Every structure is written in C-alpha cells, then in structure tokens.
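Following: one structure in structure tokens, then a few remarks.
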Amino acid sequence: MASTVHEVERKYEAADGVPLPPLDGLPGVARVEDAGTAALDAVYFDTAGLRLAARRITLRSRTGGDDAGWHLKLPSDAPDTRTEVRLPPSGGRDVPAELAAQVARHLRGERLLPVVRIRNSRERHHLYDADGRLLAEVARDRVTAQLLEPGGRPSSAVTATGWSEIEVELAPGAPRRLLDEVERRFAAAGIRRSSSPSKLLRALGDRAPQPAPPPPAPPGGTGTAGDAAVAYLHGRLLALLAVDPAVRLDEEDAVHRMRVATRRLRSALKTYRRELDRTATDPLAEELKWLAGVLGRERDREVLDARLRTRLGELPAAAGTTAADRRLRDRFATSRAGNRDLLLREMNGARYFRLLDALEELVASPPLRRPARKPARGAAVRALRRERRRLTRRMDAARGLPPGEERDRALHEARKAAKRARYAAESAAPVLGKPAKKQQKALKKVQKLLGEHQDSVVAREALLRIAAETRADGGDTFPFGAAYQLERHRAAEVEARLPRTWRKARRRMPVG
C-alpha cells in the first residue's frame, strides 16, 4: 500500500571543492550527526514527450537509502513543498498500477518509459533538537546522470553528465524557519540556491520541456454572465480531474463523485446555452452524456445491490432470505467485474482523453456569445426561471397521470429536470447569494424524493427479473416477491410526500 508524505526541501548548487559550513549552533539544533554515505540508483519514467516533466512531476524507481522503492513526486502550492507517494520495491521494471493511475490523466494515453538513470553518492548529516528529535537532513550529492533509450539502454547519442548539489530536507513537524537559518549559513559560505528544481530536469538539460500551462484559472469575478459560466465550469472540471485517480484505484464512492462532476458539467453547458456557442458545447454535452453513462453502469449496480440487500434484510428470517442474498451476491459480483473492466477500458481510451482536452480548451478559451457580456445577476435569474418552468411542466405532467408505468417515466423525467434546476441554482449562488442557496436546498429535497421513487422503480424491475431467473432454476421466489411488495409500499410513501415537498420548493423559486 502506498504511503504519502509532504516533502519540504531546498536544493543548492555546490562545487566539489566547497565544504559545508558548520551546522551546529543553529537555532533549535542541539546536535549534528554524520549519518554516513548512501549509494542511490534511480530510473526515472516519463512519456516520450516528457508530459510528466512538463508538469514538474517525477516518477522513479530507486534502490539504496532508507526509502528504496517507487516514488511519485507531485507539485504543491506550498513553497519548497512536494507531495511524495511511495511504494516499496516491486521486483520488476513496470510502473506499479497504483502510481500509473495517479498520473493517467496527465499522460492522456501515452506510455510510460524509462528516460533517465541517476546514480548518486549521498553524504548525509542529521540535525537533532535537545530532545533527540530529528529536525532535518543535510545531504551533499555527487550525481551522475545518463539519458536512456525507450528500452532502458543508455543513450549512445548523449554522454553521462555529473554535478554536485546539496539538499536540505525538513523532518515531519520540524519548524520551517530552520530552512531559512540553514540558508543564511550557506549564503555566507558562497552556496546558492539551485537553478534547477529537480535532478531530472537538470539531467535532461536542453531536452527538458517547457512547463505545461497550469489549469486555466477562473475569472477574477462574476460580473458578467460569461464570467459566471466559466467560473462554474472551471470548478466542475477541476473536480472531475481530481477524482480521476480515485476511480482508477477503485476507492469508495469515487465513481459516484465522478459521475456527479460529469453531470454538473453537462447541466451547466445547457444552463448557459445562451452565453456559450452551442456549436462548440453541444458536442461536448453529448460526450459528457456518454461518460456519465459509462460511469452509471457501475454506480447503478452499486445502488441497486445495496437497495435489494436492504429490502431482503427487512424481511423476517423465516422468509428464506439466505439463498436469495447469496443469489444477489453472485449476480452482482459478476456484473461488477464486467462494469469495472469496461470503465477502465474507456478511461484509458482516446475518447475519454479527447474529452478532457476539449474541456480544458473550453475553459481556457470559452466560446462566449454576445449575451455573455450582460450582467451576471440578470442572466442568473433568467436561467433559474427557465429551469423552473421546465421542472413545473414536467411535474404537472407526471402528477396528472394515473399510477402506472407512464407516470413512473414522467416522474423520472421530472427528476432529471429537478437535478438540472438544482445545478443551475448551485452555479448561480456566487452571483445571487442566499436566495439561490435556498432554492438549491429546496430542489435537492425534491430531487431526492424523485430519485428515491426512480430507485424503487428500478428495484422492482430487477426483482421481477431475478424472480423469473430463480423460478427457472427451481429456486424459492418468495423473498423476491416480498421485497417487491416492500418496494411498492416505499414508492407509494414517496408519492404521498411529493406534493408538499414540491409546494415548498416552488415558494423558494423565482416567479417566471
């Protein structure tokens, strides 16, 4: 299992002939100890186009030292800080799947290859406080770097290079001011900060890529409708990118969070269709619908599995639920494996990466139309009124139908409209403030009830299918029939609560 640390360090230029200044007597430092010399040997991985290096990310496999193994170093907003994800040695040259998943969104489908080998003789000095607690390590590194061919062989076109440098790394919990105290000692001795942020970039030399543009920043304010639209899209895109590794690593609730981020992006493109050029956004909305569908297969399985198990758990033990529960477990385990394989295949495919590229381009260069220049407040109110009218039409249509499949479908359409209206209120909150937040909260209750109703519809359909399969196998269908009746009762309760919840929500929505 990976461990994560926040590495706080500074690098310095140091010619071999320049000695380290004395380190004792620094504020808070009671003892300086020679920690010996370590021989380190690391192979760095990147794409042929150095996509990780361009983002100041390093991925390496290293032998020697106290932390031999795989290291993934990610940039941080904090000064002198990087986040490091560590895994123990894997015994092979392939990048562990856990680390590859962390950077897949940056690779955009390109393969990871060995690009540089760096060998390092490290002389270490440890700084301790009066209680014997480690404060920092000061290390002089004598480095030899060799560029590698794609297969891992040393490059025949470029000779190995060497240099000397000094690293000062704080121990966890040590005061940051110690870095400044050490730097003052170094400056007096003629030792200056390194011009290269990492050994990898220095080894690459003139092959080092220019820094990739950072993710587009949101507008400085929400004065215009276009500013408000782009700011909301920016936040949802960052949420989508942030959850990508968690989905690949199969973390709990990750698929749901990514699906929500995808739906919010798609909903915003529709809400702001007057401000954004639809020739650019409509194709994106379709691709987001595709992604939500891919994510939905697994998310729907998760929800249905949990719901059916809950219903069986509500039955008395005498209902014979043990065999029924076993059938559900086997059935959903099989579908989970298939859904998981499909999801990873699509997330590693060109279509998904093209979508990420297009979303980043949309936020960086938004296709704004003339209405985007109008004040954000008026545009937000008009958008909420449009969504209110849409939702009202669908709710009225559903409530006017008798119970049955047609009404179930109509309530499902109303649910989708409630979700879109809720997301519109969410995007308007930075502009309209408290009224939009109240509307968002009220719509969430409506959406939740309609979602509960739809989940019941899906559960009943599934129970009928499973009961038919069980009957064909000669099994006992009673538990599934009993669970079906519980679901019917649950749906009726939801429908009874819906009118009052809807009336309250309407009072909090702008008049259209």
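What you are looking at is a predicted structure, and each value in this text was computed from that prediction instead of being measured.
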Less than 4.5 Å apart, side chain to side chain, heavy atoms only: is that true for [X] and [Y]?
X: V103; Y: R55; value: no
X: D300; Y: V458; value: no
X: R299; Y: H256; value: yes
X: L432; Y: L384; value: yes
X: K445; Y: L449; value: no
X: L233; Y: L276; value: yes
X: V168; Y: Y12; value: yes
X: D141; Y: K199; value: yes

Indicate whether any N or O donor in one side chain lies under 3.5 Å from an N or O acceptor in the other, for [X] and [Y].
X: Q447; Y: R422; answer: yes
X: E426; Y: Y232; answer: yes
X: S456; Y: R311; answer: no

Could you walk me through whether R329 and D325 pass the side chain to side chain contact (heavy atoms under 4.5 Å, CB included) check? CA-CA 6 Å; R329 185 172 60 250; D325 190 73; 3.6 Å; yes
Atom pair [atom1]/[atom2] of [X] and [Y] - distance to nearest 0.5 Å:
X: W163; Y: S196; atom1: CH2; atom2: OG; result: 7.5 Å
X: H106; Y: L356; atom1: NE2; atom2: CG; result: 10.5 Å
X: L355; Y: M347; atom1: CG; atom2: CE; result: 11.0 Å
X: L74; Y: Q102; atom1: CG; atom2: CD; result: 7.0 Å
X: T281; Y: R369; atom1: OG1; atom2: CZ; result: 9.5 Å
X: E287; Y: L269; atom1: CD; atom2: CG; result: 12.0 Å

Can any side-chain N or O of [X] pair as donor or acceptor with the backbone N or O of [Y] at less than 3.5 Å?
X: D277; Y: T279; result: yes
X: R386; Y: T271; result: yes
X: D80; Y: R10; result: no
X: R248; Y: A100; result: no
X: D46; Y: A53; result: yes
X: R415; Y: H412; result: no
X: S267; Y: R263; result: no

State plainly whether the residues [X] and [Y] are in salt-bridge range, i.e. N to O under 4.0 Å.
X: D473; Y: R327; result: yes
X: E452; Y: R307; result: yes
X: R326; Y: D330; result: no
X: E110; Y: R108; result: no
X: E298; Y: R259; result: no
X: E84; Y: R82; result: no
X: R490; Y: E487; result: no
X: D67; Y: R62; result: yes

Of the non-hydrogen atoms in [X] and [Y], which two are nearest, and what is the gap between them?
X: G223; Y: D227; answer: N-OD2, 3.7 Å
X: W70; Y: P89; answer: CD1-CA, 4.5 Å
X: L411; Y: A398; answer: CD2-CB, 3.6 Å
X: A380; Y: V431; answer: CB-CG1, 4.4 Å
X: R460; Y: Y484; answer: CB-CE1, 3.4 Å
X: A254; Y: V243; answer: O-CG2, 3.7 Å

Derivation of the side chain to side chain contact (heavy atoms under 4.5 Å, CB included) call for F45 and L72: CA-CA 10 Å; F45 291 78; L72 171 64; over 6 Å; no
Could you walk me through whether Y272 and S427 pass the side-chain hydrogen bond (donor to acceptor under 3.5 Å, both in side chains) check? CA-CA 10 Å; Y272 292 106; S427 69; 3.1 Å; yes
Run the salt bridge (charged side-chain N to carboxylate O under 4.0 Å, His left out) test on R390 and E387 for me, step by step, so that the C-alpha distance in whole Å, both residues' side-chain angles and the decisive distance to 0.1 Å come before the verdict. CA-CA 5 Å; R390 176 193 301 274; E387 300 304 334; 3.6 Å; yes
Mind running side chain to side chain contact (heavy atoms under 4.5 Å, CB included) on R60 and I118 for me, showing each step along the way? CA-CA 10 Å; R60 73 187 180 203; I118 294 180; over 6 Å; no
Taking everything shown except [X] itself, do over 12 heavy atoms lie less than 6.0 Å from its [atom1]?
X: D341; atom1: CG; answer: yes
X: E314; atom1: CD; answer: yes
X: R274; atom1: CZ; answer: no
X: R176; atom1: CZ; answer: yes
X: R301; atom1: CZ; answer: yes

Using the test side chain to side chain contact (heavy atoms under 4.5 Å, CB included), find all partners of V294 that sit at least two apart in sequence or belong to another chain.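 V294: side chain to side chain contact (heavy atoms under 4.5 Å, CB included) contacts with W290, L343, E346.
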For the pair L113 and L148, evaluate side chain to side chain contact (heavy atoms under 4.5 Å, CB included) and give the outcome as yes or no after the intermediate values. CA-CA 9 Å; L113 307 166; L148 302 177; over 6 Å; no
